Trainee: 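The structure's right below; bear with me while I get my questions together.
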Amino acid sequence: MKERIKNEMKHAVTYTLKKKDNKTKARRGVLHTPHGDIQTPVFMPVGTQAAVKAVKPEEIKGMGAGIILSNTYHLYLRPGHELIKEAGGLHKFMNWDGAILTDSGGFQVFSLGPLRKISEEGVEFRSHVDGSKHMLTPEKVMEIENALGSDIMMAFDECAPYPADRTYVKNSLERTNRWLKRCKDAHHNTDHQALFGIMQGGMYQDLRKESADYIVGLDLPGYSIGGLSVGEPKELMYEVLDYAVDYLPEDKPRYLMGVGSPDALFEGVERGIDMFDCVLPTRIARNGTAMTSTGSVAIKNAKYERDFSPLDSECDCYCCKNYSKAYIRHMYKANEIMSSMLLSHHNLHFLIKMMEGIRTSIEEDRFSAHKKEFFAKYYGK
RNA sequence: GUGGGCGUAGUCAAGUGGUUAAGACACAGGGUUGUGGCUCCUGCAUGCGUGGGUUCAAAUCCCAUCGUCCACC
C-alpha cells in the first residue's frame, strides 16, 4: 500500500498486482488510470483514427471495456492534434470517457516503410493521406500526445522489421533508447499522462536484455514489448516472450503490442503479459470473419446461407441475441455496412469476455486448465 | 412472309482464320495481429446456340437449322 501511494504521487498511471497464478507467470492486476481502473490482463480495442471502426463508444463501454487505443501519427496528420486539443482533448472529442492509450507512430515507422526516412533526430514521413512531408521526433510526438491528452502515451520508437540482422536491431534499439530518454525529458504532464517505454531487440535475447535494462532504468509507469507479431512464426514470438518478460519489473504493467488472436492472448497471459491491443478482431470482422467459442466463422461461406442460428450459441452479445448467420452473411454479400457493425461488435465482445474468463481463472488458480479447455473448443485440440 | 442484326461462363462482354478464348461482376475458397484495408490472394468456358462443311489450322469463312431482336409487308 505504501508503494502504491508512492507510485500514485509519481505517475499518472499505476499498477496493483492482485494475484499470481500458481503454475504459470500469469497474473491478475489492476491498472489505475485518470479515467478509471482497468482490470488486467486486458485486451484494448484499437481506434486508430479516434474511432473503433464500425463500433460506437457506448457499445464498447457496454461490453465492459475500459480502455481503447488510438494513434498519434494518424491524428496528427488528420485532423491535427491542435484541433483535438481545441475540442477539449481526445476523450471529449470522440465521446469516450474511459482510458485511452495512444500509440506513438513507431509502428508506422515499420508499416510505412517506403514512405519514411529514419535518422538520429527522428523520422521523416511522407503522409499516406496526401503525400506531404512530416518530421516526427520524440519531442514532437510528446507534444502531440500531450495535446491529445491520452492516459497512456507510448514512447516514440522504431518497430524493427522481421527478419533483421543483429547489427541493424542493435543500432535500432539503441536509437530507440535514446529517443525514449528524449521522450521522458520532453514529457511535462506526468501527473495526468503516463509515458510507457517500449522494449525492442528483435529476436535476439541479449538485445532484449539490453533494451529492457535501459528502459527499466528510466523508472517509467509501464513497459511494453514491441517488435513482435511483425511476421515471425508464433513459436518464435513465444520463445522471445519466455525470456523478455523476465527482464521487466513485477510492479509495473507489461504490454505486448499488436497481439490479438485468441491463442496468442492466452500464450501471452501465461508468460506474464497484462495488456494487449490488436486490430485483428475489427479487421477480420470487416472482412467477414467472426471469432466464436468453437473457432472462427467465415460468414461468407456458402454453408451459412440458410443458417438461421446466431454466430455463437454461447454468446450473449447484441449481435448474437438478435441476428442470424444467414442475415449477417446476406449483409456481407450485399456490401451492407451492417455486417461490419455486427461482426466488429461481436468480435470485440468475444475477446473482452474471453479476457474476463482468463482473469477469473487466474483468481481461481485454474488458468492452465481453463486455457486447455478453451483451446480444445476453439481449435479442436 | 420478306430483309437485316445478334447468339462466347450465372450476368455483361472482348475477340473478325494461327500457340493453353481478354476483362468485369457474380459464385467458391483462403488470408488478415502497436489499421496506408467495406481489403488482398487463389479458383472458376477442353469450349464460343446446334449439325455439317472448307482449311495444315475455325468462336472467327460457307451451308443448314434452332432461338432472339429490329424493320417492312
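Here is how names work: the chains are called A, B, and so on, in the same order as the sequence lines, proteins then strands, and each is numbered from 1. All values derive from a computational prediction rather than experimental measurement.
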Trainee: Tell me every residue that passes side chain to side chain contact (heavy atoms under 4.5 Å, CB included) with A:Y323, counting only those two or more places apart in sequence or in another chain.
Mentor: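 Checked A:Y323 against side chain to side chain contact (heavy atoms under 4.5 Å, CB included); matches are A:Y318, A:Y327, A:I328, A:L342.
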Trainee: For this output row, return yes or no: ring centroids of A:H35 and A:H192 closer than 6.0 angstrom.
Mentor: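 Judged by ring-centre distance (under 6.0 Å), A:H35 and A:H192 do not meet the cut-off.
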Trainee: Hey, which of A:L101, A:L148, A:I84, A:L90 is the one that makes side chain to side chain contact (heavy atoms under 4.5 Å, CB included) with A:S70?
Mentor: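 Only one of A:L101, A:L148, A:I84, A:L90 forms a side chain to side chain contact (heavy atoms under 4.5 Å, CB included) with A:S70, namely A:L90.
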Trainee: Within the structure shown, what part of the strands sits under 4.0 Å from A:T282 by heavy-atom distance: base, sugar-phosphate, or nothing?
Mentor: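 The residue A:T282 makes base contact.
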Trainee: Considering every strand and a 4.0 Å limit on heavy-atom distances, what is the contact class for A:L101: base, sugar-phosphate, or nothing?
Mentor: nothing
Trainee: Nearest to the side chain of A:N301, which nucleotide is it out of B:A28, B:G30, B:G34?
Mentor: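 Between B:A28, B:G30, B:G34, the one nearest the side chain of A:N301 would be B:G30.
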Trainee: Could you check whether A:I337 gets within reach of a base, just the sugar-phosphate, or nothing at all, counting any heavy atom under 4.0 Å?
Mentor: nothing
Trainee: Answer yes or no: side-chain N or O of A:K300 and base N or O of B:G30 forming a donor-acceptor pair under 3.5 Å.
Mentor: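 Side chain to base: pair found, below 3.5 Å.
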Trainee: Among the candidates B:G37, B:C38, B:G36, find the nucleotide nearest to the side-chain atoms of A:R283.
Mentor: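 Within the option list, the nearest is B:G37.
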Trainee: Nearest to the side chain of A:H74 - B:G36, B:U39, B:G34?
Mentor: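 Shortest atom-to-atom distance from the side chain points to B:G36.
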Trainee: Regarding A:K371 and the six-membered ring of A:F375, is the cationic atom NZ or CZ under 6.0 Å from the ring centre and inside 45° of its axis?
Mentor: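 Verdict for A:F375: a cation-pi partner in A:K371.
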Trainee: Just to be sure I understand the rule, does A:S340 reach a base, reach only the sugar-phosphate, or reach nothing, if contact means heavy atoms closer than 4.0 Å?
Mentor: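 The answer is nothing, as A:S340 stays clear of every strand by at least 4.0 Å.
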Trainee: Quick check for you: among B:G37, B:G34, B:U32, whose closest atom lies nearest to any side-chain atom of A:M257?
Mentor: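 Closest nucleotide to the A:M257 side chain: B:G34.
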Trainee: Each residue besides A:L207 in its hydrophobic cluster should be listed here, by chain and number; the cluster joins Ile, Leu, Val, Met, Phe, Trp and Tyr at side-chain heavy-atom distances under 4.5 Å.
Mentor: A:V169, A:L173, A:Y204
Trainee: If you look at every strand shown and take non-hydrogen atoms under 4.0 Å, does A:Q200 touch a base, only sugar-phosphate, or nothing?
Mentor: base
Trainee: Ignoring hydrogens and geometry, is there a side-chain-to-backbone donor-acceptor pair from A:S211 to A:Q200 under 3.5 Å?
Mentor: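 Between the backbone of A:Q200 and the side chain of A:S211 there is a qualifying donor-acceptor contact (under 3.5 Å).
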Trainee: Would you indicate which nucleotide in B:G36, B:G34, B:G37 comes nearest to any side-chain atom of A:D277?
Mentor: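 Among B:G36, B:G34, B:G37, the one nearest the side chain of A:D277 is B:G34.
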Trainee: Provide, to the nearest angstrom, the distance between the CG atom belonging to A:N335 and the P atom belonging to B:U39.
Mentor: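 These atoms are roughly 7 Å apart.
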Trainee: Under 4.0 Å between any heavy atoms, over every strand shown, what does A:Q49 touch: base, sugar-phosphate, or nothing? Just pick one.
Mentor: nothing
Trainee: Do the numbers put A:K252 on top of the ring of A:Y15, so that NZ or CZ is under 6.0 Å from the six-membered ring centre and no more than 45° off the axis?
Mentor: no
Trainee: Does A:E267 offer a backbone N or O that forms a donor-acceptor pair with the side chain of A:R271 under 3.5 Å?
Mentor: yes
Trainee: Mind checking A:L228 for me? I need base, sugar-phosphate or nothing, with any heavy atom below 4.0 Å counting as a touch.
Mentor: nothing
Trainee: Compare the minimum distances between each of B:G34, B:U35, B:G36 and the side chain of A:C159, then state the nucleotide with the smallest one.
Mentor: B:G34
Trainee: List RNA chain B stems (3 or more consecutive Watson-Crick/G-U pairs, under 3.5 Å)?
Mentor: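 Stem segments, range with range: B:1-7 with B:66-72, B:10-12 with B:23-25, B:27-31 with B:39-43, B:49-53 with B:61-65.
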Trainee: Closest to the A:A298 side chain: B:G36, B:U32, B:G30?
Mentor: B:G30
Trainee: Taking the nucleotide of RNA chain B with the nearest heavy atom to each, does A:F107 or A:K303 sit closer to the 5' end?
Mentor: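 The answer here is A:K303.
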Trainee: Report the nucleotide, chosen from B:G34, B:G37, B:A28, that has the shortest atom-to-atom distance to any side-chain atom of A:K333.
Mentor: B:A28
Trainee: When all nucleic acid strands are considered with a 4.0 Å heavy-atom cut-off, which category describes A:T289: base, sugar-phosphate, or nothing?
Mentor: base
Trainee: Is A:G131 touching bases, backbone alone, or none of the nucleic acid, heavy atoms closer than 4.0 Å?
Mentor: nothing
Trainee: Answer with base, sugar-phosphate or nothing: what part of the nucleic acid does A:F276 contact at a heavy-atom distance below 4.0 Å?
Mentor: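 No contact at all - A:F276 keeps every heavy atom at 4.0 Å or more from the nucleic acid.
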Trainee: Quick check for you: among B:G36, B:G34, B:A28, whose closest atom lies nearest to any side-chain atom of A:L69?
Mentor: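 Of all the options, the side chain of A:L69 is nearest to B:G34.
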Trainee: From B:G30, B:G36, B:U35, pick the nucleotide closest to the side chain of A:H128?
Mentor: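 Shortest atom-to-atom distance from the side chain points to B:G36.
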